[in-house]
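Report on the structure given below.
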2 protein chains.
Amino acid sequence: MAVARLHRRVRHEGEVAGEELTASSMAALVTIERNGPITLGDLAAVEHVQPPSMTRIVARLEELGYATRVVDPTDRRVARAAITPAGRRFLARGRTRRDAFLTRRVERLSPQDQALLERALPVLERLLEDDA
Amino acid sequence: MAVARLHRRVRHEGEVAGEELTASSMAALVTIERNGPITLGDLAAVEHVQPPSMTRIVARLEELGYATRVVDPTDRRVARAAITPAGRRFLARGRTRRDAFLTRRVERLSPQDQALLERALPVLERLLEDDA
DNA sequence: TATTGTTATACTCTATAACTATA
DNA sequence: TATAGTTATAGAGTATAACAATA
C-alpha cells in the first residue's frame, strides 16, 4: 500500500495542467525514447495494445511533435517511430518535476532515514529480479 | 522507478483473468468498503468523478453483486452504496493473491535484507506525511 | 500468398446538459 | 426553489474486422 500511494503521488507530481498525455501515449513515448526507432508492430506488442491503437497513438504523438514516423527504406511496409527533441524535453520536464518533489521529501528525513532508504533501494529492485 | 515497477507488478498480480474491474470501479468498491454506506454524491466527490459516472459505476457493481444501493428512509432523494459479502470476498481474493506474491518474493531475500525492508517501510510512509 | 500497417466500425467509459423525484 | 440522483447525448480511447500496400 505504501508503494502504491507513493507511486500515485509521484506520478501525479510530474503532471502539468494542460500538458497531460493519456497513460497509453505516455507509456508509448517512454518506450520510443528508450527503444530507439521501433516498428509500430513491436511497439504495439511491447505496450500490449493492438496495432490499430498504436497507429492512432503514434499519430497523436506525431501531431504533438513528440515523435516521428519513418518508413523503412529497405522494406517499405515497415514504419518506425522515433522520439523528437521536443518529445525528449517533454519527458525530461516531467522527470525534473518528479525529482524535485522527491528531493524535497527526502530532505525532510533524518540523515539516518535517508541512509536507510539508500540501502533499501537495491533490495526493492531485487524483489522483482528473475521475473518468472 | 523501482517503486513504479513494483506497484505495477503487484497490482497485476492481484488480477484474475475474466474477473477484472475497471480502475474506477475497483477504486469505488474499495472506498465503499472502507467508508461504509456512502451517498453516491460523496462517493463521486471522493473518487473525483462526476455524479452520472458514479451512478453507472455503482449500477455495474450492483449488477455484479459486489455492492447494493440503499435509499435513505428519511430523505428519499439520497441513495447510499454499501459493499456486499461477495464484494468483500472479491477484494479479499485480490489481496490474498498480492500478499502471496509478495510473500514469495520476500522469502527469497536474505534475513538481513528482509529486516532492512521492514525498517525502511515506515520511512517510505513518512515520505508522504503532512501532505501539502 | 504472407506481412505491416491503416481505415471502418462498434463498444466502453466518462463528461456535460437536461430531467425526475424528493425536500 | 434547491438538492440528489438519473437519463440523454456526445467525445475520447480501444478493440475487431476488413482493407491497402509491399514483400
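No hydrogens, no waters, no symmetry mates; every other heavy atom, side chains included, goes into these values. Order of the sequence lines fixes the chain letters, A, B, ..., with proteins taken first and strands second; residue numbering starts at 1 for each chain.
Not one side-chain nitrogen or oxygen of B/T55 sits closer than 4.0 Å to the OP1 or OP2 atom of D/dG5. In terms of phosphate contacts, B/S24 brings no side-chain nitrogen or oxygen within less than 4.0 Å of OP1 or OP2 of C/dC13. Residue B/R56 places none of its side-chain N or O atoms closer than 4.0 Å to OP1 or OP2 of D/dA8. Phosphate contact (OP1/OP2 of D/dA4, side-chain N/O of B/T39, threshold under 4.0 Å): absent.
In the set D/dT16, D/dT3, C/dC13, D/dT16 carries the atom at the smallest distance from any side-chain atom of A/P52.
With hydrogens and angles left out, the side-chain atoms of A/T31 and A/E47 include a donor and acceptor closer than 3.5 Å.
Residue A/L43 contributes atom CG, which lies 10 Å from atom P of C/dG5 at whole-angstrom precision. In this structure, B/E20 places its CD atom 15 Å from C1' of C/dT12, rounding to the nearest Å. Rounded to a whole Å, the CD atom of A/Q50 is 16 Å from the C1' atom of C/dA8.
Among the protein residues, B/S25 comes within range of no part of the nucleic acid, since none of its heavy atoms lies under 4.0 Å from any strand. As judged by a 4.0 angstrom heavy-atom cut-off over every strand, A/R60 is placed among residues making no nucleic acid contact.
No hydrogens or angles were tested; on distance alone, nothing pairs the side chain of B/R76 with the base of C/dT22 as donor and acceptor under 3.5 Å.
Under the side chain to side chain donor-acceptor pair (under 3.5 Å) rule, A/R80 has a single partner from A/D42, A/D72, A/T68, A/T39, which is A/D72.
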List the steps and the verdict of salt bridge (Lys or Arg N to Asp or Glu O under 4.0 Å) for B/R60 and B/E63.
-> CA-CA 5 Å; B/R60 174 96 181 109; B/E63 207 174 275; 3.3 Å; yes
